Colleague: 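To start, I am sharing the structure in question, which I have written as structure tokens.
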Amino acid sequence: MTVTPLGIPRRLLEFTLDGESVRAPEGSTILDACRAAGKDVPTLCEGDTLRPKNACRVCVVEVEGARTLVPACSREAEPGMRVRTGTERARHSRKVVLELLASSVDLSTTPGAARWIKEYEAKPDRFGPDAARVEEEPRIDNELYVRDYGKCILCYKCVDACGDQWQNSFAISVAGRGFDARIAVEHDAALTDSACVYCGNCIEVCPTGALSFKSEFDMRAAGTWNEAAQTGTTTVCAYCGVGCNLTLHVQDNEIVKVTSPHDNPVTHGNLCIKGRFGYQHVQNRD
């Protein structure tokens with residue numbers, strides 16, 4: 001018999017979204033309501049397992065009565081509010097943000113970025129060849145994952161996942177200020193000399209590929225990475241009795257990376273070093 005958890009009932013509130021009356025559970029964000037209504041509002045820093053940071057500002061919408069555009073990922077829906085997602089002001093703001101991001105970092109592995117740049121007619125090249133750009137070689141100081149800060153948009157998701165929202169290792173933080181701000185471990189040391197416990201939960205939430213599995217990084221460099229050819233199989237981790245769910249991503253009969261379902265009540269997308277990286281023995285053919 002299947003048991004469906006009821007959860008805590010939430011009162012429905014009603015407001016106007018792009019001229020249509022919609023209902024959303026109390027506590028929902030504007031972005032939640034947009035997704036429920038099938039409206040495509042772009043976002044990079046929002047994550048379904050983290051508290052909103054509203055750092056990227058790609059999801060801004062116009063709320064009647066508000067002086068400025070508001071981030072849909074963190075602004076809660078309120079009864080009677082009037083929200084417009086596709087106004088010229090909102091679209092222009094998203095266009096400029098995408099231009100600034102794409103002109104300063106590499107968005108080639110950011111899901112949705114190319115489509116949004118085309119949709120909003122963003123032109124990152126308009127700032128010219130002298131535009132400030134993060135040019136940094138990928139940091140490969142271990143065999144588990146790679147840090148490619150040339151793709152980092154400073155969304156803080158890795159900091160939150162490593163900190164008080166999930167892992168509580170506090171190995172990652174923001175170093176520097178202003179244009180010198182960057183993600184780093186303590187004293188900007190090698191990862192092997194830091195407090196990192198190699199859970200890989202920072203990789204799970206990274207929206208741009210700035211943090212990636214070493215296996216994925218190597219396959220992309222070799223031109224063999226092909227997500228379309230990969231299959232995902234969800235199973236239970238066999239290392240201990242917690243019962244974490246693993247999703248094995250397989251390409252050409254080889255496990256290329258391991259993730260965890262975000263809706264799993266045990267893991268919420270998080271794993272330990274064994275669950276996320278301890279799969280090599282499965283592929284030992286000797």
Side-chain angles (χ1 to χ4, degrees), residues 12-48 50-134 150-157 160 178-179 181 205-210:
L12 291 177
L13 52 87
E14 190 171 351
F15 67 101
T16 302
L17 181 62
D18 289 337
E20 298 180 1
S21 179
V22 297
R23 290 186 176 185
E26 191 174 38
S28 298
T29 63
I30 294 175
L31 186 59
D32 292 333
C34 288
R35 286 172 172 169
K39 296 185 179 296
D40 182 25
V41 175
T43 180
L44 290 172
C45 72
E46 187 268 347
D48 57 353
L50 297 168
R51 292 193 294 272
K53 200 75 174 184
N54 55 64
C56 74
R57 317 302 280 193
V58 182
C59 70
V60 289
V61 296
E62 197 163 354
V63 176
E64 188 175 289
R67 181 177 59 85
T68 62
L69 296 172
V70 303
C73 67
S74 61
R75 178 67 179 268
E76 287 192 5
E78 301 172 9
M81 74 185 326
R82 295 180 177 273
V83 179
R84 292 182 293 169
T85 64
T87 63
E88 182 179 353
R89 184 185 181 194
R91 291 182 62 86
H92 179 71
S93 177
R94 294 174 195 159
K95 172 185 177 179
V96 172
V97 170
L98 288 169
E99 288 177 338
L100 291 171
L101 289 176
S103 67
S104 58
V105 298
D106 177 9
L107 296 182
S108 62
T109 55
T110 303
R115 176 171 59 86
W116 294 331
I117 289 174
K118 181 179 180 180
E119 177 184 348
Y120 291 97
E121 300 180 343
K123 296 179 175 58
D125 295 337
R126 73 184 178 92
F127 298 110
D130 297 326
R133 188 170 179 85
V134 179
K151 298 179 178 178
C152 178
I153 62 169
L154 288 174
C155 68
Y156 302 94
K157 292 173 75 173
D160 290 339
F179 287 109
V205 299
C206 179
T208 64

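For clarity, every value in this text was computed on a predicted model and none was experimentally measured. Index from 1, following the sequence.
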Colleague: To the nearest 0.5 Å, how far apart are CD1 in I153 and SG in C206?
Modeller: 8.0 Å
Colleague: To the nearest 0.5 Å, tell me how far E121 CD sits from L98 CG.
Modeller: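 It is 12.5 Å, given to the nearest 0.5 Å.
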Colleague: Taking CZ in R133 as the centre, count heavy atoms belonging to other residues, nucleotides or ligands within less than 6.0 Å. Is the count above 12?
Modeller: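 For R133, atom CZ is crowded (more than 12 foreign heavy atoms under 6.0 Å).
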Colleague: Locate the shortest heavy-atom distance separating P207 from C155; write the atom from each residue and the value.
Modeller: CD-SG, 3.7 Å
Colleague: For the residue pair R75 and N54, establish whether any side-chain heavy-atom pair is separated by less than 4.5 Å.
Modeller: no
Colleague: Measure from the side-chain N and O atoms of K157 to the backbone N and O of V205, and report whether any donor-acceptor pair falls under 3.5 Å.
Modeller: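 Here the side-chain-to-backbone pair exists.
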Colleague: Which heavy atom in A66 sits nearest to a heavy atom in V70, and how many Å separate them?
Modeller: CB-CG1, 4.3 Å
Colleague: Can you name the closest pair of heavy atoms from T68 and R89 and give their distance?
Modeller: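 Minimum heavy-atom contact is CA-NH2, 3.6 Å.
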Colleague: Rounded to the nearest 0.5 Å, how far does OG1 of T110 lie from NZ of K151?
Modeller: 8.0 Å
Colleague: To the closest 0.5 Å, what do you measure between CG (L154) and CG (L101)?
Modeller: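 Between atom CG of L154 and atom CG of L101 there are 9.5 Å.
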Colleague: Under 3.5 Å, is there a donor-acceptor pair between the side chain of T109 and the main chain of T208?
Modeller: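 Yes.
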Colleague: Out of curiosity, T85 OG1 to I30 CD1, how far, rounded to the nearest 0.5 Å?
Modeller: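 Spacing of OG1 (T85) from CD1 (I30) equals 10.0 Å.
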Colleague: Any non-hydrogen side-chain atom of L12 less than 4.5 Å from a side-chain atom of P25?
Modeller: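 Yes, at least one pair of side-chain atoms sits under 4.5 Å.
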Colleague: Quick check: does any side chain N or O of R91 sit under 3.5 Å from a backbone N or O of Y120, one acting as donor and the other as acceptor?
Modeller: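 Side chain of R91 to backbone of Y120, a donor-acceptor pair under 3.5 Å: no, none is there.
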Colleague: Roughly how far, to the nearest 0.5 Å, is the CZ atom of R57 from the CG atom of L44?
Modeller: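 Rounded to the nearest 0.5 Å, the CG-CZ separation comes to 13.0 Å.
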Colleague: Considering only heavy atoms from C-beta outward, does the side chain of D40 approach that of R115 to under 4.5 Å?
Modeller: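 SC-SC contact between D40 and R115 confirmed.
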Colleague: Would you say R82 has more than 12 foreign heavy atoms packed within less than 6.0 Å of its CZ?
Modeller: no
Colleague: More than 12 foreign heavy atoms under 6.0 Å from CZ of R84: is that the case here?
Modeller: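 No, the 6.0 Å shell around CZ holds no more than 12 heavy atoms from other groups.
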Colleague: Could you tell me if the side chain of C34 sits less than 4.5 Å from the side chain of L17, heavy atoms only?
Modeller: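 Counting from C-beta outward, L17 and C34 do come under 4.5 Å.
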Colleague: Check for a donor-acceptor pair, side chain of E99 on one end and backbone N or O of K123 on the other, with a separation under 3.5 Å.
Modeller: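 Yes; at least one donor-acceptor contact below 3.5 Å.
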Colleague: Looking at every heavy atom in both I117 and A102, which two are closest together, and how far apart are they?
Modeller: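 Closest heavy-atom pair between I117 and A102: CD1-CB, 4.0 Å.
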Colleague: Is there a salt bridge (charged side-chain N to carboxylate O under 4.0 Å, His left out) between E46 and R35 once you walk through the steps?
Modeller: CA-CA 13 Å; E46 187 268 347; R35 286 172 172 169; 3.0 Å; yes
